[in-house]
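All ligand and atom numbering here is 1-based and tracks the order in the structure. Throughout, numbering of the chain's residues begins at 1 and tracks the sequence.
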Amino acid sequence: MPRNLTATTLTGAMVHNLARMRTLIAEAHQPTPGGALQVQSRQDTRLWAVVKADAYGHGLLNALQGFAAADGMALLEFEGARLLRERGWTRPVLMLEGPFDAGDVRQAAQQQLTLAISQPRHLQWIAAAGQPVQVYLKINTGLNRLGVTPAALPAFLDALLATPNVQLAGCMTHFANADSPGGADTPLAVFDEAVAAVSARLPAGSELAHCSANSAALYTLPASLQHWARPGIALYGASPFAGRRAPELGLQPAMRLQGEILAVQTLAPGEATGYGGRFVAESPIRIGIVGCGYADGYPRVAPTGTPVAIDGVRSRTLGRVSMDMLAVDLTPVPHAGPGTPVELWGEQVFIDEVAESAGTLGYELMCAITARVRRQTG
Ligand SMILES: *Cc1c(COP(=O)(O)O)cnc(C)c1O
């Protein structure tokens, strides 16, 4: 029998979280009490559900179910895009990092994928594709990863407009600091100016989608809710903000990682548990050994005190996490023994709490579950 350690994807929570994004958008488009619209230009904002990295570790096919009501799917893996098409996803698909070779461009043309482009070689591959390809032009507004800078935009646009097969469907940018107050104000202004410059080069009446908001911006920057938004983390029920948890954002966790107690030890004062003896008992204590470790994706750096829920009762980890096991404090659950379920994260312990304790983000934890963990959809 495989070990009793299961990552369950909760597709009902995914449905809820997507609907929550629609509510945020509706609120942003509401007239304010003063009479002015918070968002002047748009009636509605469509949603790309970001499903890169196997839907942030939740499984791409689960995303098809959970995000069936999305207007499009955005990811960067071409194999994933192929799977979406094979499984019947007919709405738009946006490839966030563009093509990686000429073959990707041919696939995009055949399967009607939209490519985010920013590099001269992207244009060369598209010119050679022999068929029309839809693209989003990616603008660099300060994150300085991918994207054309405003300074380089006129020359890139010349090249783009001279390239055969290019169908320019929109412009996008990705914010570096949408999770801090005001952090995306200037980048949004830079983006709007760049998009205006692009529009000015197109025939009158051309439609150009504007797309900038990630999860954080959906909450903090209504003005960034343009034609399309691109939430990722919020759809999985985790927070894009340090110190703010899922419930206050109206989100439901979409992943539960649950294991069980394999053995119980009783430590006398002065005895320790785990490598390095990092936890030493001050008084007699019962501890549970849980079948989950860093080879399953649980963070090794999570220190003593990281929250867990043992049979529904919150408790804490003790000592170092090892490759296959970790120890928990059974003091608040005297009835616990071998076979008692332990939630590492989920609805009782938010993934953001574990991440905070381990000095990382929910994003990293949900993507890091390894292949030996049993998978379920609930
Ligand atoms: C991952 C990603 C997103 C989603 O970001 P979240 O913070 O998870 O909402 C949006 N756009 C791009 C380009 C991305 O790479």
Side-chain angles (χ1 to χ4, degrees), residues 13-14 17-18 20-22 24-25 45-58 60 63 66-67 70-78 80-81 92-100 113-119 122 135-148 169-180 183-184 187-188 191 209-222 224-242 244-246 249-251 253-255 351-352 355 360-368:
M14 295 162 89
N17 296 332
L18 184 71
R20 174 73 182 131
M21 298 299 105
R22 301 266 191 222
L24 289 175
I25 288 166
T45 299
R46 279 175 280 174
L47 287 174
W48 295 107
V50 179
V51 296
K52 63 192 179 190
D54 200 27
Y56 288 45
H58 293 66
L60 195 55
F67 306 143
D71 302 295
M73 298 269 188
L75 73 176
L76 52 90
E77 301 86 354
F78 280 80
V93 174
L94 175 62
M95 305 309 294
L96 294 167
E97 286 190 357
F100 305 103
L113 314 176
T114 305
L115 300 174
I117 62 162
S118 60
Q119 301 296 316
H122 295 158
V135 305
Y136 265 24
L137 173 54
K138 190 158 194 174
I139 312 280
N140 177 4
T141 55
L143 180 57
N144 289 315
R145 290 191 322 197
L146 302 180
V148 180
C171 290
M172 67 180 279
T173 193
H174 192 43
F175 297 130
N177 295 305
D179 56 331
S180 54
L188 180 62
F191 179 60
H210 307 193
C211 177
S212 58
N214 56 3
S215 298
L218 268 150
Y219 283 91
T220 58
L221 192 57
S224 71
L225 300 183
Q226 302 168 319
H227 300 93
W228 286 82
R230 302 187 311 272
I233 193 77
L235 295 177
Y236 304 98
S239 172
F241 306 106
R244 290 177 77 183
R245 306 253 160 89
L249 300 172
L251 302 172
M255 182 190 286
I351 196 168
D352 297 317
T360 182
L361 300 170
Y363 293 79
E364 185 178 8
L365 298 186
M366 57 178 68
C367 293

Residue that, paired with Lys138, satisfies side-chain contact (heavy atoms from CB on, under 4.5 Å) out of Leu146, Val148, Ile117: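 Considering Leu146, Val148, Ile117, a side-chain contact (heavy atoms from CB on, under 4.5 Å) with Lys138 is found only for Leu146.
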
Which atoms of ligand 1 have any heavy atom of [X] under 4.0 Å away?
| X | result |
| --- | --- |
| Asn214 | 5 (O), 9 (O) |
| Ile233 | 6 (P), 8 (O), 9 (O) |
| Ser215 | 6 (P), 9 (O) |
| Lys52 | 1 (C), 2 (C), 3 (C), 14 (C), 15 (O) |
| Tyr56 | 1 (C), 4 (C), 5 (O), 6 (P), 8 (O) |

Side-chain donor/acceptor of Thr173 to backbone N/O of Asn140, under 3.5 Å: no

Any donor-acceptor N/O pair, Asp54 side chain to Leu60 backbone, under 3.5 Å: yes

Region of His174 that comes within reach of ligand 1 [heavy atoms, distance under 4.0 Å]: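 Within the 4.0 Å criterion, His174 contacts ligand 1 through side-chain atoms alone.
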
For atom 11 (N) of ligand 1, closest protein heavy-atom neighbour: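 Residue, atom and distance for the closest contact: Arg230 NE, 2.9 Å.
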
Minimum-distance protein heavy atom relative to atom 7 (O) of ligand 1: Tyr363 OH, 2.6 Å

Aromatic ring pairing Phe67/Tyr236, orientation class (parallel under 30°, perpendicular over 60°, tilted between): perpendicular

Gly232, any N or O under 3.5 Å of ligand 1 N or O: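 For ligand 1, there is an N or O atom that lies under 3.5 Å from one belonging to Gly232.
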
Residues Ser212 and Ser224: side-chain donor-acceptor under 3.5 angstrom: no

Carboxylate-amine/guanidinium contact Asp71 Arg22, below 4.0 Å: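 Here Asp71 pairs with Arg22 in a salt bridge, since their nearest N and O are under 4.0 Å apart.
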
contact_flag Trp48 ligand 1 heavy-atom lt 4.0 Å: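 Judged by the 4.0 Å heavy-atom criterion, Trp48 does not count as contacting ligand 1.
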
Value rounded to 0.5 Å, distance of CG in Asn214 from CD1 in Ile233: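 Spacing of CG (Asn214) from CD1 (Ile233) equals 11.0 Å.
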
